[in-house]
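Taking it in order: structure first as structure tokens, then the write-up.
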Amino acid sequence: MPLLKTEQLCVRFGGLAALSEVNFQIARDEVRAVIGPNGAGKSTFFNCLTGVLRPSSGRIILNGEDITGLRSNLISQKGIARSYQITNILPNATALENVRIAAQSRRHAWNMISHHGSFADINAKAEAALASVGLLGKAYDLAANLSHGEQRNLEIGIALATEPKLLCLDEPTAGMSAAETGETKELIHRIGRDLAILIVEHDMEVVMELCHRITVLHYGRILAEGTPKEIQENPRVQEVYLKT
Ligand SMILES: Nc1ncnc2c1ncn2[C@@H]1O[C@H](COP(=O)(O)OP(=O)(O)O)[C@@H](O)[C@H]1O
Ligand SMILES: [Mg+2]
């Protein structure tokens with residue numbers, strides 16, 4: 001059984017079909033890229049999966065459970081996390097506090113009151129999430145004082161702290177230097193061993209190196225799907241995307 005699948009997913013904005021009949025599947029140990037020209041529907045797809053947007057029709061199934069139309073906080077509790085293109089960080093909180101807030105959001109309020117160990121537990125989880133994005137050494141730095149690349153990685157840490165089964169990353173290397181891009185690539189590769197990752201990325205080198213498979217969106221439809229090699233060699237993909 002795939003970790004996540006969509007069936008005939010459609011999103012319409014007035015007369016515009018932003019997504020049409022998207023049938024998508026991702027396995028639980030997969031790193032998948034979604035690529036496509038501007039306006040292809042990539043962010044709309046992420047918005048549906050994370051409950052930011054309700055699809056016009058079709059279904060989203062996580063672990064066999066229909067999660068279509070659930071609110072984003074519920075979807076987060078069920079195991080889909082996202083880091084935003086636009087930063088999601090509290091600048092005047094420390095790196096650790098930023099991650100701890102996310103770790104807490106995973107819990108029900110009654111759970112925190114009734115279990116004495118919970119606070120220590122949340123701290124441990126927050127530290128683990130920071131460690132996995134290489135920021136444990138900066139736990140007590142204000143987020144505002146981190147470099148751009150470190151802030152982007154902190155966003156990934158925030159998403160990881162919710163203990164997702166599927167992590168959606170929208171352009172994680174945007175605005176990064178070559179060195180930072182290399183580090184983030186390694187980071188994604190490392191965390192991808194333990195969960196499924198869905199990544200929107202324009203840097204084709206990053207996509208080709210990191211991802212097992214690629215899904216190409218074009219005008220809201222899946223144009224092609226395959227390994228990086230298959231996608232690179234696909235003439236239709238070259239026509240609409242790689243050559244532009
Ligand atoms: N909230 C919205 N209202 C109306 N149209 C939208 C909205 N969000 C996206 N769109 C349109 O849907 C299409 C897909 O957009 P988007 O998912 O952002 O593409 P991508 O992320 O691939 O660049 C575009 O034509 C865009 O203008
Ligand atoms: Mg987008």
Side-chain angles (χ1 to χ4, degrees), residues 26 29-38 40 42-43 45-47 49-50 80-103 125-164 166-216 228 231-232 241-242 244:
I26 183 168
D29 57 354
E30 200 180 333
V31 180
R32 172 81 63 94
V34 178
I35 66 171
N38 264 336
K42 305 180 296 292
S43 294
F45 186 55
F46 270 29
N47 286 339
L49 298 185
T50 53
I80 301 180
R82 162 174 196 176
S83 92
Y84 284 85
Q85 236 168 312
I86 302 156
T87 186
N88 201 15
I89 288 170
L90 302 171
N92 295 319
T94 66
L96 184 61
E97 283 162 349
N98 265 282
V99 173
R100 190 162 48 203
I101 290 162
K125 284 194 171 132
E127 283 181 0
L130 267 191
S132 57
V133 296
L135 286 174
L136 198 50
K138 306 234 166 161
Y140 299 99
D141 288 24
L142 288 186
N145 294 339
L146 301 177
S147 72
H148 175 76
E150 286 167 343
Q151 289 183 358
R152 300 299 318 258
N153 291 344
L154 178 58
E155 282 183 66
I156 297 177
I158 290 170
L160 281 180
T162 66
E163 302 184 290
L166 172 66
L167 175 61
C168 301
L169 302 173
D170 204 343
E171 301 190 31
T173 68
M176 284 188 176
S177 68
E180 287 173 335
T181 297
E183 279 169 29
T184 299
K185 209 160 59 180
E186 260 175 49
L187 189 166
I188 294 169
H189 180 69
R190 207 167 57 232
I191 60 182
R193 291 185 198 130
D194 303 319
L195 76 175
I197 297 182
L198 189 54
I199 173 172
V200 168
E201 176 63 66
H202 288 299
D203 185 329
M204 291 313 289
E205 241 173 71
V206 174
V207 169
M208 296 296 169
E209 271 180 49
L210 266 185
C211 300
H212 306 119
R213 290 170 67 77
I214 298 172
T215 299
V216 185
I231 293 301
Q232 255 173 333
Y241 186 67
L242 294 174
T244 57

Would a 4.5 Å heavy-atom cut-off, applied to side chains only, mark [X] and [Y] as touching?
X	Y	result
R82	N47	yes
E201	I35	no
R100	E97	yes
L167	I156	yes
T184	R152	no
F45	V200	no
L49	L198	yes

When rounded to the nearest 0.5 angstrom, what distance separates [atom1] in [X] from [atom2] in [Y]?
X	Y	atom1	atom2	value
E209	H189	CD	NE2	10.0 Å
I214	I199	CD1	CD1	10.5 Å
E186	T181	CD	OG1	12.0 Å
T173	L210	OG1	CG	9.5 Å
E30	L166	CD	CG	10.0 Å
E205	K185	CD	NZ	5.5 Å

Looking only at non-hydrogen atoms, find the nearest pair between [X] and [Y] and report the distance.
X	Y	value
P172	I188	CG-CD1, 3.9 Å
L154	A143	CD2-CB, 3.9 Å
L96	Y140	CD2-OH, 3.7 Å
M208	P228	SD-CB, 3.5 Å
K42	G36	NZ-O, 2.8 Å
N98	L90	OD1-N, 2.9 Å

- Item | Atom NE2 of H202: over 12 foreign heavy atoms under 6.0 Å |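 Yes, NE2 of H202 has more than 12 neighbouring heavy atoms, counting only those of other groups under 6.0 Å.
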- Message: Can you confirm whether K138 is buried at NZ, in the sense that more than 12 heavy atoms of other residues, nucleotides or ligands lie under 6.0 Å from that atom?
- Response: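 Open.
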- Task: Would you tell me whether R32 and T215 have side-chain atoms, one donor and one acceptor, within less than 3.5 Å of each other?
- Result: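 The answer is yes; a qualifying pair exists.
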- Task: Please say which of I89, T94, D141, N153 ends up in a side chain to side chain contact (heavy atoms under 4.5 Å, CB included) with L146.
- Result: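 Testing L146 for a side chain to side chain contact (heavy atoms under 4.5 Å, CB included) against I89, T94, D141, N153 leaves exactly one candidate, D141.
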